[in-house]
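Inspection log for the structure reproduced underneath, given as structure tokens.
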Amino acid sequence: MSTVQLHDLRFEPFISEQELGLAIDSVAADLNKKYEGKRPLFIGVLNGAFFFAAELVKRITVECEITFVKVASYHGTASTGKVDQLIGLNERISGRHVVVLEDIVDTGNTIEHIMAVLADHHPASVSIAALLFKPDAYTKDIPIDHVAIRIPNAFVVGSGLDHDGLGRNLPGILRIVQ
Ligand code: IMP
């Protein structure tokens, strides 16, 4: 694949679909071991996590449930640090083993907010699984338990990730051309 123009920015291929697939295999294997007999509730964070959620849960062999929530925290290419509400949390969380599925953890503002809201519902446990993690941008102490791929602090699109609405459909991960 060559470079792709999305609005004002150009992106180049960075992580292939195959590499993503292998990394997701590994996360799924860990989760299958960890949640045997625990009927985990996977909570995908929309919009970005639709791809990761679909790819991950088809590799999950233990009995599980999956639902989605929506937050709004990010506009353009720099995290605003502002997080809106958690929409769509209708399942009973109390006593459940919850796995939050994120497309990418950047500063950690979003995941911190989600963890705080979930804690109010008294789950048995909560862990976080992220398709991508930017350790150099992360500002929180909350451990990101399961990471498919760690990336440097660059803006990326593809496989659910967007630049102002565009690029979610692109296979693999592309990074901004500096
Ligand atoms: P955080 O709250 O700073 O951790 O950012 C989390 C959210 O910001 C993610 O769920 C994405 O929607 C968005 N985000 C962070 N980094 C990127 C990126 O490189 N590309 C696209 N979206 C991003």
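Along the sequence shown, residues carry numbers from 1. Numbering of ligands and ligand atoms starts at 1, following listing order. When reading the values below, keep in mind they use all heavy atoms of this one structure, side chains included, and skip hydrogens, waters and symmetry mates.
For Glu36, the salt bridge (charged side-chain N to carboxylate O under 4.0 Å, His left out) criterion is met by no residue, not counting sequence neighbours. Looking at residues two or more places apart in sequence or on another chain, you find a side-chain contact (heavy atoms from CB on, under 4.5 Å) between Asn153 and Asp106, Lys134, Asp136, Ala137.
Within a 6.0 Å sphere centred on CG of Asp8, other residues, nucleotides and ligands contribute more than 12 heavy atoms.
Checking only distances, Val105 never comes within under 3.5 Å of ligand 1, N or O to N or O. Note: an N/O pair closer than 3.5 Å links Gly108 and ligand 1 by distance alone.
Those atoms of ligand 1 that come under 4.0 Å of a heavy atom in Thr110, given as number and element, are 1 (P), 2 (O), 5 (O), 6 (C). Using a 4.0 Å cut-off to heavy atoms of Glu102, the atoms of ligand 1 that qualify are 10 (O). The contact set between ligand 1 and Ala154, taken as ligand atoms under 4.0 Å from a residue heavy atom, comprises 19 (O). Near Asn109, meaning under 4.0 Å from any of its heavy atoms, are these atoms of ligand 1: 2 (O), 4 (O).
Residue contacts with ligand 1 do not include Gly48, since none of its heavy atoms lies under 4.0 Å from the ligand. Residue contacts with ligand 1 include Asp162, since one or more of its heavy atoms lies under 4.0 Å from the ligand. The closest approach between Glu112 and ligand 1 stays at or above 4.0 Å for every heavy atom of the residue.
Side-chain polar atoms of Ser127 and Tyr35 form a donor-acceptor pair below 3.5 angstrom.
Scanning both residues, Val62 and Asn32, for their nearest heavy atoms gives CG1-O, 3.5 Å.
Remark: Arg175 is positioned above the aromatic ring of Phe14, its terminal NZ or CZ atom under 6.0 angstrom from the ring centre and at most 45 degrees off the axis.
Of the listed residues (Phe11, Phe133, Phe155), the one carrying the non-hydrogen atom nearest atom 18 (C) of ligand 1 is Phe155. Residue Thr107 holds the heavy atom nearest to atom 1 (P) of ligand 1 of all those in Leu131, Ile111, Leu174, Thr107. By heavy-atom distance, the residue among Asn153, Ile176, Val156, Val157 lying nearest atom 21 (C) of ligand 1 is Val156.
Side-chain contact check for His121 versus Leu89: some heavy-atom pair is nearer than 4.5 Å.
The proximity of Asp103 to ligand 1, defined as any non-hydrogen pair under 4.0 Å, is limited to the side chain. Contact annotation: for His163 versus ligand 1, there are no heavy atoms closer than 4.0 Å. The residue Ala137 has no part lying near ligand 1, judged by heavy-atom distances below 4.0 Å. Residue Leu161 touches ligand 1 through its side chain alone, judged by heavy-atom distances below 4.0 Å.
Annotation: the span from Leu31 atom CG to His97 atom NE2 amounts to 13.5 Å, rounded to 0.5 Å.
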Take Arg96 and Glu91 through the salt bridge (charged side-chain N to carboxylate O under 4.0 Å, His left out) test and state the conclusion after the steps.
-> CA-CA 10 Å; Arg96 298 298 306 272; Glu91 279 68 18; over 6 Å; no
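In the hydrophobic clustering of this structure, Ile15 groups with Leu101; members are Ile, Leu, Val, Met, Phe, Trp, Tyr whose side-chain heavy atoms approach within less than 4.5 Å, directly or through other members.
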